[in-house]
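Written out below as structure tokens is the structure these notes cover.
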Amino acid sequence: MTEMTVAVHGASGTQGSHIARRLRAAGHRIRPLDSRSANLTDTAALLRAYDGADAVVVQLPQLFDPIAVEQAESVLAALGKAGVPRAVFNPGMPLPPAPVGAPFVDARVLLGDRLPERVGQASVVGPAGPYLENLLQPWSVRRVRDRGELAYPLPPQAPVPWVTLDDVGDVVAAVLADARPPERLVVGGPDAVTGDRLAAAVATATGRPVRYTQVEPAEYGRLIEPVMGAAAAAGVAGIYARSTDAPPPPLPDGLFRPGATTVEEWAARPDWTA
């Protein structure tokens, strides 16, 4: 595989760091981009950040006001002007087929739809369901430790394609190595998993009983607010409320890429007593 210089937005963040680590392991040179080196509303700054890169991995920050759409438009403009030959966009969430009226979601729909117009080899690679790492937020780990409870705003019996950040990073690396990369892929775990199976996996890892509890989206927003802030927490709660009201349509054949990590393997890795 040819070594590339890959500019990675958010390379030091929760999602971007996993992708950057996977790309380094694949032999690529990483150019980390953050708000200082690549202001997402400044096309000129983005052009400088992309200069000489063989590929760009785009991830948008968790913003829930209209500036999110402005950022997506700036990235698209800069990619088109820079002449970057390859780009991969990780929306960080399952994308609906059309805008929904929420800037956080609509910015990602816009970028995913228009990326092939700006880049010769463009791919959208994101999770088919929630990241397992969402369960490692401080409030969640404390709840497991103190109450023996794994709480999330999804039904306990619903099979969900939970996925790890590392598995998404592996697919991004594979797409960048592909001579004819797919335009869209979604990544899930080896199989869909119920909340009850998740709790059983964490129970085995911790050596103590753990039960899964479904919480309402508004309650989930309250739980994550100390970590994410009020605006982001309300936005995330809104996304889960909409997904409950209108579940996403089934994926067309050929778009799904299973990851390698089972929930049991993943649950054995963290320190649940922290």
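Count residues from 1 along the sequence.
Side-chain contact between Val6 and Asp54: absent, with no pair of heavy atoms (C-beta onward) separated by less than 4.5 Å. At a threshold of 4.5 Å between non-hydrogen side-chain atoms, the residues Thr261 and Leu132 do not count as touching. Using a 4.5 Å heavy-atom cutoff, the side chains of Arg184 and Leu95 are in contact. Annotation: side chain of Leu165 is not in contact with side chain of Ser17 (no heavy-atom distance under 4.5 Å). Side-chain contact between Asn134 and Ile224: absent, with no pair of heavy atoms (C-beta onward) separated by less than 4.5 Å. Side-chain contact between Leu46 and Ser74 is present, with at least one heavy-atom pair separated by less than 4.5 Å. Using a 4.5 Å heavy-atom cutoff, the side chains of Pro127 and Val187 are not in contact. Looking at heavy atoms from C-beta onward, His18 lies out of side-chain contact with Val168 at the 4.5 angstrom threshold.
Atoms OG1 and CG, on Thr5 and Asp51 in that order, are 11.0 Å from each other to the nearest 0.5 Å. Put simply, CG on Asp65 and CD on Glu70 are 10.0 Å apart, with the number rounded to the nearest 0.5 Å. Taken from CG in Leu185 to CG in Asn90, the straight-line distance is 11.5 Å, to the nearest 0.5 Å. The distance from atom CZ of Phe104 to atom CG of Leu60, rounded to the nearest 0.5 Å, is 8.5 Å. Rounded to the nearest 0.5 angstrom, Ser35 OG and Leu40 CG are separated by 8.0 Å. Taking CZ from Arg108 and CE from Met93, the interatomic distance works out to 7.5 Å, rounded to the nearest 0.5 Å.
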(request) Kindly indicate, with the supporting measurements, whether the criterion side chain to side chain donor-acceptor pair (under 3.5 Å) is fulfilled by Asp196 and Thr194. (result) CA-CA 5 Å; Asp196 291 339; Thr194 65; 5.2 Å; no

(message) Determine whether Met228 and Gln62 satisfy the following criterion, side-chain contact (heavy atoms from CB on, under 4.5 Å), listing intermediate values before the conclusion.
(response) CA-CA 9 Å; Met228 300 186 65; Gln62 285 191 321; 2.9 Å; yes

(request) Could you check Tyr50 against Val75 for side-chain contact (heavy atoms from CB on, under 4.5 Å), going step by step and ending with a plain yes or no? (result) CA-CA 10 Å; Tyr50 298 158; Val75 169; 3.7 Å; yes

(message) As a quick check of understanding, evaluate side-chain contact (heavy atoms from CB on, under 4.5 Å) for Val8 and Val58, giving each step before the final call.
(response) CA-CA 6 Å; Val8 180; Val58 181; over 6 Å; no

(request) Would you sort out whether Val186 and Val125 count as a side-chain contact (heavy atoms from CB on, under 4.5 Å), showing the intermediate values? (result) CA-CA 6 Å; Val186 292; Val125 178; over 6 Å; no

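Annotation for Pro190 and Pro258: closest pair CA-CB, 4.4 Å, computed over non-hydrogen atoms. Ala107 and Ala72 make their closest contact through O-CB, 3.5 Å (heavy atoms, listed as atom of the first residue, atom of the second, distance). The nearest pair of heavy atoms linking Val171 to Arg257 is CG2-CG, 3.8 Å. Here the shortest heavy-atom pairing between Ala267 and Ala205 reads O-CB, 3.2 Å. Shortest non-hydrogen contact noted between Leu33 and Ala38 is CB-CB, 4.0 Å. Contact record, Val84 with Val119: O-CG1, 3.5 Å, taken as the closest heavy-atom pair.
A salt bridge links Arg197 with Asp191: the distance from a Lys NZ or Arg NE/NH1/NH2 to an Asp or Glu carboxylate oxygen falls below 4.0 Å. Ion pairing of Asp178 with Arg86 is absent here, as no side-chain N (NZ or NE/NH1/NH2) approaches a carboxylate O to less than 4.0 Å.
Of the possible polar contacts, one joining the Arg31 side chain to the Ala49 backbone as a donor-acceptor pair under 3.5 Å is found. Looking at Thr206, its side chain does come within 3.5 Å of a backbone N or O of Val202 through a donor-acceptor pair. The backbone N or O of Gly101 lies less than 3.5 Å from a partner atom in the side chain of Asp106, making a donor-acceptor pair.
For the salt bridge (Lys or Arg N to Asp or Glu O under 4.0 Å) test, residues two or more places apart in sequence or in another chain that qualify with Arg222 are Glu219. Judged as a salt bridge (Lys or Arg N to Asp or Glu O under 4.0 Å), and not counting sequence neighbours, the contacts of Asp34 are Arg36.
No side-chain donor from either of Thr164 and Asp166 sits under 3.5 Å from a side-chain acceptor of the other.
Sorted by first then second residue, the ring-ring contact (aromatic ring centres under 6.0 Å, His included) pairs that include residues 145-191, not counting sequence neighbours, are Tyr152-Trp162, Tyr152-Tyr220, Tyr152-Tyr240. Here salt bridge (charged side-chain N to carboxylate O under 4.0 Å, His left out) pairs that include residues 123-146, with residues two or more places apart or in two chains, are Arg143-Glu149. For residues 114-134, the set of pairs meeting the ring-ring contact (aromatic ring centres under 6.0 Å, His included) definition, not counting sequence neighbours, is empty. Among residue pairs with one or both ends in residues 180-200, none qualify as ring-ring contact (aromatic ring centres under 6.0 Å, His included); sequence neighbours excluded.
Crowding of Glu265 atom CD: a count of heavy atoms from other residues, nucleotides or ligands under 6.0 Å exceeding 12.
The aromatic ring centroids of His9 and Phe89 lie 6.0 Å or more from each other.
Using a 4.5 Å cut-off between side-chain heavy atoms of Ile, Leu, Val, Met, Phe, Trp and Tyr, with links allowed through other members, Leu198 and Val215 fall into the same hydrophobic cluster. Under a hydrophobic-cluster definition in which Ile, Leu, Val, Met, Phe, Trp and Tyr are linked whenever side-chain heavy atoms come within less than 4.5 Å, directly or via other members, Leu176 and Ile30 are assigned to the same cluster. Val141 and Tyr212 fall within a single hydrophobic cluster, where Ile, Leu, Val, Met, Phe, Trp and Tyr side chains are chained together by heavy-atom contacts under 4.5 Å. Taking hydrophobic clusters as Ile, Leu, Val, Met, Phe, Trp and Tyr residues chained together by side-chain heavy-atom distances below 4.5 Å, Leu136 shares a cluster with Val193. Leu47 and Val56 are assigned to two separate hydrophobic clusters, defined by single-linkage of ILVMFWY side chains at heavy-atom distances under 4.5 Å.
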